[in-house]
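A short worksheet on the structure shown next.
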Amino acid sequence: MPPPVRIFFGDGPGFESLAELQTDSGPCSRVRTAPVQVLPQTQSLLCGAGPRSLRCLWRGWRGLSSQGGVMNVFDRSMKRRQKQWASSLLDSDKYDYLRDEVGSRLADRVYDVSRSLPDIVERLFLTDISDSSLRNRKKCEMPTQCVLADEEFLPFKENTFDLALSSLSLHWINDLPGALRQIHQVLKPDGVFIGAMVGGETLYELRCSLQLAELEREGGFAPHISPYTAVTDLGNLLGRAGFNMLTVDIDEVQVHYPGMLEVMRDLQGMGESNCAWNRKSLLHRDTILAAAAIYKEMYGNEDGSVPATFQILYMIGWKPHESQAKPAKRGSANVSFADLSKISKFPTDPQKS
Amino acid sequence: MSSSNVWSRSRARMRLFPELLAQCSGEAAAYGKCVASTTTGKQELTKNMCVKEFEALKSCFQSAAKKGVK
């Protein structure tokens, strides 16, 4: 009888798709390859976006390199209040489409990666910083336990979990390296962390429209979209946290809306409103009008709708263990690359041996 | 309405926004084109560079709002 597995959930709503994880799923091994593998960018919908070459002055990358100490970019208590409000809406499942999509893709990855994961789920821990999101969760047949926890201060002992999952919550964390290190700690050796976070060029249309509108109407601009992690930094982050055999890839989800206001309303309904400390609390009427006009003109489609791009970064990392493949020792090669040219015929013909 | 506070009133006003903007699509497109042209040209976008188009858009929007309120 294989030992039961404990799964640690890292986000609230949206994990319901993982309820499809059958308890009798057969293990299928994922091909383990060398340290960092960046898979080619896939686009789920063809992005017919307009000129990306326009001068968007402020990018706001989450810089990781030189800033020692912990960054305090986001107001976590504000984020908690926003999530509480969003889950208390009567029609809150109207805004779940993005989370459901990302959650189902994450579930696919969990299916693929069940080499060392036993078949039975012993317990599922759902964590979130807002208790009303936890109360809003859908029913699932796995035994679950809800824990009110902040991702930066995980209340779990070391080496407790076989699998850690996080979907669309890492982009609100202040100390991302620290959070990843804590996830690394609570995992058992040979445990796996699979995450999906919003990053890269997400919502660039909204960001640029607001920037240009504010420049034209007010003469200056303030950041309205939170800074995102670039996909190139993610490999570094995971490596520094101690994860092995990383896999990072990007997926683009493009959603079409009637206009800019609907984009903003849906973001608010998802609980994804801005909570950075440096956010401007006021958006002038004129600026909203100008930005909506610019958005439609620069990025609109022929049928009058406007696209909003979400770039989702998926990451898989393993906690080191002796059973994992290590890079071969230097000097242990016994075939040369030059021999590749000698592989010219298939050895199928028995006459010519 | 259970409680009418400034947030619910302003949200109600914002809900009318897309319809009103749809009535001024011509002016909106003109303003958008003006701003978009500055991004590809050599000049930087400065304040009030497209003020004429914006004033046209704003007056159209306000007259649409007045018509809607009746």
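Here is the naming used below: chain letters follow the sequence lines, and residue numbers restart at 1 for every chain. From a predicted model like this one, the values you see are computed outputs, not experimental measurements.
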Part of A:L261 within contact of chain B (heavy atom distance under 4.5 Å): side chain

Shortest non-hydrogen contact between B:C50 and A:E216, atoms and distance: N-OE2, 2.8 Å

Nearest heavy-atom neighbours spanning B:K58 and A:L289: CA-CD2, 4.1 Å

CD/B:E19: more than 12 non-hydrogen atoms of other groups inside 6.0 Å: no

CD on A:Q211 to OG1 on B:T39, rounded to 0.5 Å: 11.5 Å

Over 12 non-hydrogen atoms of neighbours within 6.0 angstrom of NZ in A:K280: yes

From B:F17 atom CZ to A:R265 atom CZ, the distance as rounded to the nearest 0.5 Å: 13.5 Å

Validation row: B:L21, A:K296 side chains within 4.5 angstrom (heavy atoms): no

CZ (A:R285) with more than 12 external heavy atoms under 6.0 Å: no

Under 4.5 Å from any heavy atom of chain A - which part of B:R15: neither

Any donor-acceptor pair under 3.5 Å from A:E297 side chain to B:A28 backbone: no

Part of A:E214 lying under 4.5 Å from any heavy atom of chain B: neither

Which of A:A290, A:G259, A:S209 touches chain B most, by non-hydrogen pairs under 4.5 Å: A:A290

